[in-house]
Amino acid sequence: MAHHPRVFSGVQPTGNLHLGNYLGAIRNWVTLQANYECIYCMVDLHAITVPQDPKVLRANTREVAASLIAAGIDPKTSIVFVQSQVSAHAELAWIFNCIARIGWLNRMTQFKEKAGKNRENATVGLYVYPNLMAADILTYRATHVPVGDDQRQHLELTRDIAQSFNSQFGVECFPLAEPVIIGTATRVMSLRDGASKMSKSDISEYSRINLVDEPDAIRQKVRKAKTDMEPLPSEPAGLEGRPEAKNLIGIFAALAEQPVEAVCREYGGSQFSAFKDALADLAIAKLGPITAKMRELRDDPGYVESILKDGAARADAIARPILREVQDIVGFLRA
Ligand code: TRP
């Protein structure tokens with residue numbers, strides 16, 4: 001049975017989205033809207049697998065939703081909503097807890113990393129996190145899931161769960177969701193250290209460009225970005241062993257939607273100071289409308305919440321009948 005094409009993806013409501021989130025994921029979510037029915041979820045149930053300050057979690061949930069909208073996710077065509085507002089996620093996750101095997105979860109590298117040495121002290125929620133992610137995807141019968149490399153293993157587990165459910169009950173209930181490989185995704189590194197990823201948890205504000213930064217802040221951060229002493233190379237091969245140059249050129253190429261070769265050709269031989277001026281101008285031109293919209297939405301939380309409420313109702317209308325079907329298959333007595 002062919003399943004209707006549908007995109008689902010989730011983002012942790014951890015707040016403070018930055019250029020790395022935008023170029024690595026969100027921009028692609030925006031592009032997918034042209035060809036797919038898209039459902040985008042703030043995964044607060046996933047967030048509480050590690051301790052969260054309730055006030056901060058609520059604020060971050062609004063803020064991340066605002067970032068998606070500011071970046072160009074159209075909440076009229078796509079569905080933008082909060083995971084905890086649609087109970088089918090948690091209900092299907094329980095059923096999947098009874099499908100997935102302990103051995104499968106024991107192989108999850110992200111759990112091992114996040115739990116660290118003190119595994120006994122990790123929450124059970126962190127351990128079954130991938131089952132909830134499978135439920136997110138499959139409660140909409142999503143067929144395409146844009147994810148970064150770090151989530152690939154979880155997506156494979158989702159396929160295993162779908163397959164195992166289908167074969168245990170002799171049904172074709174769930175599709176085997178495919179990863180959407182994001183061809184244009186850019187790995188954006190810290191502006192202070194070309195060897196580590198741009199991250200919201202970096203203590204230095206100068207390491208990242210936030211989606212709420214004012215143009216002046218963007219310019220300053222680009223100016224202060226770490227560089228080396230050489231002029232820029234005129235070919236991509238010249239970027240090897242120069243992580244900071246590679247990062248800045250990569251950011252430029254991604255923002256300009258040009259190949260790295262073209263940027264090298266144009267700026268080869270230039271000093272960093274001239275290149276940084278051009279990069280700051282470009283970043284402000286491309287991000288300015290997003291950051292401005294973001295600040296506007298920040299001042300209107302009621303509007304963002306109304307979008308999320310509408311999204312939850314539309315998500316629920318898709319998820320509920322699918323969950324009902326699953327409950328029938330499993331053998332639950334209908335209320
Ligand atoms: N685990 C994903 C992350 O940390 C977020 C997520 C939750 C997700 N549910 C999902 C992504 C479903 C894709 C599909 O990035």
Side-chain angles (χ1 to χ4, degrees), residues 5-18 20-29 32 36-50 52 57 60-61 64-65 67-68 73 78-93 96-97 100 105 108-115 122-123 125-162 174-182 185 187-188 197-201 311-312 315 318-319 322:
R6 180 179 280 150
V7 165
F8 182 97
S9 201
V11 58
Q12 295 248 11
T14 42
N16 201 12
L17 292 191
H18 51 70
N21 303 119
Y22 177 65
L23 293 176
I26 298 173
R27 192 166 71 164
N28 298 288
W29 291 15
L32 285 166
Y36 291 95
E37 176 191 350
C38 296
I39 306 178
Y40 297 127
C41 182
M42 314 310 120
V43 293
D44 55 352
L45 300 178
H46 278 106
I48 63 163
T49 56
V50 295
Q52 300 285 341
L57 177 62
N60 283 345
T61 302
V64 171
S67 313
L68 299 189
I73 307 275
S78 299
I79 296 178
V80 179
F81 77 107
V82 179
Q83 191 181 31
S84 63
Q85 293 181 1
V86 178
S87 63
H89 294 250
E91 294 178 66
L92 187 59
F96 288 170
N97 286 344
L105 291 172
M108 295 295 116
T109 54
Q110 189 165 71
F111 175 75
K112 291 181 206 167
E113 277 162 26
K114 284 197 186 172
T123 67
L126 189 66
Y127 187 62
V128 295
Y129 177 116
N131 295 347
L132 176 60
M133 185 163 153
D136 297 340
I137 296 166
L138 296 175
T139 199
Y140 301 95
R141 292 198 169 115
T143 53
H144 295 77
V145 182
V147 282
D149 264 345
D150 62 328
Q151 297 299 314
R152 279 220 189 197
Q153 195 184 30
H154 292 161
L155 195 56
E156 266 158 42
L157 185 89
T158 300
R159 295 161 64 91
D160 290 342
I161 289 174
F174 294 122
L176 303 183
E178 308 264 353
V180 179
I181 309 304
I182 303 170
R187 226 173 115 78
V188 178
K197 256 172 87 167
M198 186 175 283
S199 159
K200 63 164 192 312
S201 47
I318 300 172
I322 295 174

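This structure is a prediction, so every number in the text was calculated from the model and none was measured. Atoms within a ligand are numbered from 1 in the order they appear, just like the ligands themselves. Residues: numbered from 1 along the sequence shown.
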Phe111 vs Leu105, side-chain contact (heavy atoms from CB on, under 4.5 Å): CA-CA, chis, key distance, verdict = CA-CA 8 Å; Phe111 175 75; Leu105 291 172; over 6 Å; no

Neighbouring protein residues of ligand 1 - any heavy atom closer than 4.0 Å | Phe8, Ser9, Gly10, Gln12, Val43, His46, Tyr129, Met133, Asp136, Ile137, Val145, Val147, Gln151

Quick one: CZ on Arg27 to CG on Leu32, what's the gap to the nearest 0.5 Å?
-> 12.5 Å

Give the ring-plane orientation class for Phe174 versus Phe96, where under 30° counts as parallel, over 60° as perpendicular and anything between as tilted.
-> perpendicular

Can you label the angle between the His154 ring and the Tyr129 ring as parallel, tilted or perpendicular, going by 30° and 60°?
-> tilted

Around Lys112, counting heavy atoms of other residues, nucleotides and ligands shown, do more than 12 lie under 6.0 Å from its NZ?
-> yes

Does anything in residues 125-140 pair up under salt bridge (charged side-chain N to carboxylate O under 4.0 Å, His left out), and if so which pairs, sequence neighbours excluded?
-> none

